[in-house]
Peer 1: 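Can you keep this structure in mind? I'll have questions shortly.
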Amino acid sequence: MNFYNDAYARSGFEKPCHEVRQLWLSGKRDEAARAVPDHMVQGTAILGDEAHVRDRLQKYRDVGITELTVLPIGDDATARLDTLGKVVEMAREI
């Protein structure tokens with residue numbers, strides 16, 4: 001059972017999920033990673049510059065989403081905390 005694969009498949013990404021799962025289970029991990037379509041990532045995560053993140057946060061707020069899970073990216077703990085702080089400030093402004 002793969003919760004994430006099943007959840008993404010139910011969200012309209014059934015074909016790529018099947019392909020990724022088959023590659024992964026066959027031990028072709030690099031191919032599996034490359035088989036994840038960009039539109040699937042872009043449709044389910046907020047990645048980009050501050051303007052893009054702010055725009056997506058606003059869109060989520062506009063449809064009533066009030067809670068998000070934030071996994072900040074950075075080279076080290078300080079950079080990740082800085083990124084998290086920026087996201088929190090953007091969310092407060094919105």
Side-chain angles (χ1 to χ4, degrees):
M1 172 109 176
N2 184 321
F3 171 80
Y4 293 105
N5 187 284
D6 294 343
Y8 276 93
R10 286 192 308 273
S11 298
F13 300 105
E14 187 172 352
K15 185 176 178 179
C17 285
H18 177 74
E19 179 183 356
V20 169
R21 175 183 269 170
Q22 293 306 312
L23 289 167
W24 186 268
L25 293 175
S26 298
K28 300 175 182 176
R29 307 281 164 94
D30 290 340
E31 286 182 54
R34 286 191 300 272
V36 176
D38 290 345
H39 70 277
M40 188 169 104
V41 175
Q42 293 164 351
T44 58
I46 302 175
L47 302 168
D49 61 24
E50 288 186 35
H52 178 73
V53 172
R54 186 179 304 281
D55 180 62
R56 289 287 298 274
L57 289 173
Q58 183 65 56
K59 287 178 180 175
Y60 283 157
R61 182 72 161 143
D62 291 347
V63 297
I65 295 172
T66 59
E67 293 184 29
L68 294 173
T69 299
V70 178
L71 301 170
I73 297 172
D75 291 333
D76 56 30
T78 300
R80 288 188 294 275
L81 286 171
D82 288 345
T83 299
L84 178 59
K86 288 178 185 177
V87 172
V88 169
E89 286 304 314
M90 282 188 254
R92 284 184 179 149
E93 293 169 5
I94 295 169

Peer 1: Give the minimum heavy-atom separation between Asp75 and Ala79, together with the two atoms involved.
Peer 2: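 Reported closest heavy-atom pair: N-CB, 3.8 Å.
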Peer 1: Restricting to side-chain contact (heavy atoms from CB on, under 4.5 Å), what partner residues turn up for Ile73, sequence neighbours left out?
Peer 2: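 In terms of side-chain contact (heavy atoms from CB on, under 4.5 Å), with neighbours along the sequence ignored, Ile73 is linked to Leu47.
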Peer 1: Rounded to the nearest 0.5 Å, what's the gap from CD1 on Ile46 to CG on Leu71? Could you check?
Peer 2: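 If I round to the nearest 0.5 Å, the distance is 11.0 Å.
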Peer 1: Indicate every side-chain donor-acceptor pair of residues 10-33 with a distance under 3.5 Å to a residue at least two apart or in another chain.
Peer 2:
unit_1	atom_1	unit_2	atom_2	d
Ser11	OG	Ala7	O	2.9
Arg21	NH2	Asp6	OD1	3.4
Ser26	OG	Gln22	O	2.8
Arg29	NE	Trp24	O	3.3

Peer 1: Just distance, no hydrogens or angles: give the donor-acceptor pairs under 3.5 Å from side chains in residues 59-70, sequence neighbours left out.
Peer 2:
unit_1	atom_1	unit_2	atom_2	d
Lys59	NZ	Asp55	OD2	3.2
Tyr60	OH	Arg56	NH2	2.8
Asp62	OD1	Gln58	NE2	2.7

Peer 1: With Asp49, which residues qualify under side-chain contact (heavy atoms from CB on, under 4.5 Å), at least two apart?
Peer 2: Ala51, His52
Peer 1: Let me have the donor-acceptor pairs involving side chains of residues 86-94, under 3.5 Å, with sequence neighbours excluded, atom names and distances please.
Peer 2:
unit_1	atom_1	unit_2	atom_2	d
Glu89	OE2	Arg92	NH1	3.0
Glu93	OE1	Arg54	NH1	2.6

